[in-house]
Amino acid sequence: MATFLQSSIEKGSDIVKDFLCSTCEEAKLEESADYYCESCVKFYCGICIHLHNQLFKKHTPHGRSDMKKWPVAKKVEDFLFKCDVHKEENLAMFCKEHSMLCCNNCAFLNHRQCKTVMLLSDLVKNTSTDLKQVSVTIQTTLAKLKKLQDNQEASIHSVQSSYDEQLHKIQETRQKILAALEMLEKKTLQEMKDTLTKLQASLKSDDDKCSTLGNELKQLRDAIQDISDKSKQELSFIASIKCKDKIQQFEKYQKKNFAQLKLSITFQPYSEIMQYLSQLSGLGKIEHYAQSLTAVGNADQIIRIDGKSEYDVGVQGDSTCCISDICVLPSGQVLVVDQTNKKVKLLNKQYQVVSHYNVSDTPWDMCQITPSEVCVTVGKEVQFIKVNNNQLVKDRKLKFQHKCLGIASHQGDLFVTSGTELYNYSLDGKLVSKLHENKSNTYTVYSCAVSPTGDTLYITDYKQHKLLTLARDGSVLSIFTDPELRCPYCVQVTPAGQVLVCGWMSNTILQIDSKGSRKLATLATKMDELRSVCYNSNTDSIIVGMEDNKILVYKVK
């Protein structure tokens, strides 16, 4: 019987159902078979079939168009019959109690006590199998497995990326500690130098006094020697008084400095510093966050909100805030884009502003790159900003030839809108492709979002009141319009894949199905000055950005 021309069982992929010509195989040649003859029970290639037909005119070979009449190849039989546990044994039985295929060894070792172990040959007589449905199920499972594998690979990339980022953060922390130690060293050295200068000045002053007093006493001594034999009573008296005065000055000075010892400077280090450092386990805590990469739950499950809280996100010196976008980090911290005041603000879990960063131009949109890094569209740039110790720190920036409005990211890809185009860039700013274009008006490609699986993109047409759903290659899958959606400003996708879009002129937040074809619910209406919406999976709430210094937080039922 013919064998596989190429078996991919060994390769671990789909089985390639191709066969070798039996005649050519006998001649040690490998030629693909094109026909099978049931009478000969052999396969023939396109050349050998002519000789076969001349010799066996009554035989009716079946070509590839009729392969259902070809036999199952031996390698396929071997592959299916082989026991997964005992590789050298063939399957012969089925245990209904455990729904398991068994070879003789399996039946003897593991199923001796089971009452419903049947021979396969007996079982299949009264059992039908829908292989078409099994094949469909396998294909569906393979597709899910591929998505799972893609997400695992994305997790590997993400954890490596976050490792590299935090490694840099550790090095920065070390440099800060060294800088602080260097500053302490400078202050200590300056203090010791000031002490030296002070002591030297005092000792120099004492030395100068001694020199002056010594010189004056020497002058008096010489004067006395000069007048001692010249009977100058007046001069002798004056000299005597001056000598007594200088000697008294010396005795007074000597008495004052009698206990003076040799001075020296010493340094006593603060032992608390070393004690504190020796008690630390490291430069900081190492933590990890699990961030959803796949849609968890039903993407079309309707969100129901209940209860509203208001929070003021203005800081001193602000004019009225306009919150054009919101992003929630895995840590629970929230970042908001304040378009009016050209700021990105960091909020703690209680929605209080703890830090803010001024950007160079009007900011529009924002997306998360790593657990502690976001990028913001500013003018014709994308500015990367990191959260470090509750502070916003400017990082690198990417410059483009077009205006940057909306932005989204997925597994190393950036999606940026210009107002009339949607571009796909890599994280280092290299253009991958232009996915969509509409120059019929301004702001026809305004904001954008990407599904958790990365295979669907959503863009808002602000001028023409539409939400477009695109495939990853940019082809339009659906166009959504609704009287309740006027001037769609912001579109967001939750970790479960639920699509939220807010209309600026209609003052509404709508939930659209994941295919972007129909409205599932109107989550909020009559919301004057509405600008942005974001789902907080840490607290199961929806955050709404407004134009009046506020954000609104709705609890999800």
Side-chain angles (χ1 to χ4, degrees), residues 1-95 99-108 118-150 152-153:
M1 182 177 287
T3 57
F4 280 122
L5 172 63
Q6 178 183 2
S7 172
S8 59
I9 295 174
E10 293 86 354
K11 294 182 179 180
S13 59
D14 295 340
I15 298 172
V16 179
K17 296 178 180 176
D18 213 345
F19 300 82
L20 290 176
C21 171
S22 303
T23 305
C24 292
E25 190 177 14
E26 290 172 0
K28 300 188 182 304
L29 300 174
E30 288 191 356
E31 191 66 39
S32 177
D34 297 311
Y35 297 89
Y36 170 70
C37 179
E38 287 182 290
S39 301
C40 299
V41 195
K42 286 188 176 182
F43 293 84
Y44 298 97
C45 65
I47 297 175
C48 293
I49 194 63
H50 295 299
L51 180 60
H52 169 273
N53 291 341
Q54 291 175 7
L55 294 174
F56 307 102
K57 293 185 178 180
K58 292 185 179 181
H59 290 189
T60 305
H62 303 290
R64 286 186 174 271
S65 61
D66 199 15
M67 286 189 75
K68 63 182 179 180
K69 294 182 179 180
W70 289 28
V72 176
K74 186 176 185 306
K75 282 198 174 182
V76 175
E77 287 188 351
D78 291 344
F79 169 69
L80 293 174
F81 269 119
K82 186 185 298 181
C83 177
D84 291 337
V85 179
H86 306 98
K87 303 297 184 182
E88 303 303 320
E89 297 290 328
N90 283 341
L91 297 169
M93 305 177 193
F94 181 76
C95 176
S99 296
M100 289 184 65
L101 293 164
C102 313
C103 68
N104 289 328
N105 287 346
C106 289
F108 178 75
M118 301 179 64
L119 290 172
L120 290 175
S121 56
D122 294 336
L123 180 64
V124 297
K125 291 177 181 178
N126 300 313
T127 304
S128 61
T129 305
D130 186 356
L131 288 181
K132 287 185 178 179
Q133 183 58 45
V134 172
S135 180
V136 170
T137 304
I138 287 177
Q139 288 302 113
T140 302
T141 304
L142 285 172
K144 291 179 180 178
L145 185 62
K146 178 64 167 59
K147 283 187 178 181
L148 181 61
Q149 187 177 10
D150 290 343
Q152 294 302 329
E153 291 175 356

To the nearest 0.5 Å, what is the distance between [atom1] ([X]) and [atom2] ([Y])?
{"X": "N90", "Y": "K82", "atom1": "CG", "atom2": "NZ", "value": "9.5 Å"}
{"X": "L120", "Y": "T127", "atom1": "CG", "atom2": "OG1", "value": "10.0 Å"}
{"X": "I49", "Y": "T23", "atom1": "CD1", "atom2": "OG1", "value": "9.0 Å"}
{"X": "L142", "Y": "T137", "atom1": "CG", "atom2": "OG1", "value": "10.5 Å"}

Show your working on side chain to side chain contact (heavy atoms under 4.5 Å, CB included) between H52 and Y44 and close with a plain yes or no. CA-CA 8 Å; H52 169 273; Y44 298 97; 3.4 Å; yes

So, do [X] and [Y] sit near enough that their side-chain heavy atoms are less than 4.5 Å apart?
{"X": "K132", "Y": "V136", "value": "no"}
{"X": "C83", "Y": "C106", "value": "yes"}
{"X": "P71", "Y": "E77", "value": "no"}
{"X": "P61", "Y": "N53", "value": "yes"}

How close do [X] and [Y] get, counting heavy atoms only, and between which atoms?
{"X": "L80", "Y": "L91", "answer": "O-CD1, 3.6 Å"}
{"X": "L119", "Y": "M93", "answer": "CD2-CG, 4.0 Å"}
{"X": "C24", "Y": "C48", "answer": "SG-SG, 3.8 Å"}

Looking at [X] and [Y], would you say the former's side chain and the latter's main chain have a donor-acceptor pair under 3.5 Å?
{"X": "K87", "Y": "D84", "answer": "yes"}
{"X": "W70", "Y": "G63", "answer": "yes"}
{"X": "D34", "Y": "G46", "answer": "yes"}

Mind running side chain to side chain contact (heavy atoms under 4.5 Å, CB included) on L29 and L20 for me, showing each step along the way? CA-CA 9 Å; L29 300 174; L20 290 176; over 6 Å; no

Would you check, one step at a time, whether the test side chain to side chain contact (heavy atoms under 4.5 Å, CB included) holds for C103 with E88? CA-CA 10 Å; C103 68; E88 303 303 320; over 6 Å; no

Taking atom OH of Y35 as the centre, report whether more than 12 heavy atoms of other residues, nucleotides or ligands fall under 6.0 Å from it.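 Check fails, neighbour count at 12 or below.
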
Might you confirm whether atom CG of L123 has over 12 heavy atoms from other residues, nucleotides or ligands at distances under 6.0 Å?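 Yes, CG of L123 has more than 12 neighbouring heavy atoms, counting only those of other groups under 6.0 Å.
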
Could you tell me whether F43 and F19 have their ring centroids closer than 6.0 angstrom?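 Yes; F19 has its ring centre under 6.0 Å from that of F43.
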
Hey, do the aromatic rings of H62 and Y36 have their centres closer than 6.0 Å?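 Judged by ring-centre distance (under 6.0 Å), H62 and Y36 do not meet the cut-off.
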
Under the side chain to side chain donor-acceptor pair (under 3.5 Å) test, which residues partner N105, sequence neighbours left out?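 In terms of side chain to side chain donor-acceptor pair (under 3.5 Å), with neighbours along the sequence ignored, N105 is linked to no residue.
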
Should the pair E26-K42 be classified as a salt bridge under the 4.0 Å nitrogen-to-oxygen rule?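 Salt bridge: yes.
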
Could you label the plane-to-plane angle of the F56 and H59 rings as parallel, tilted or perpendicular, counting under 30° as parallel and over 60° as perpendicular?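 Ring orientation of F56 relative to H59: parallel.
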
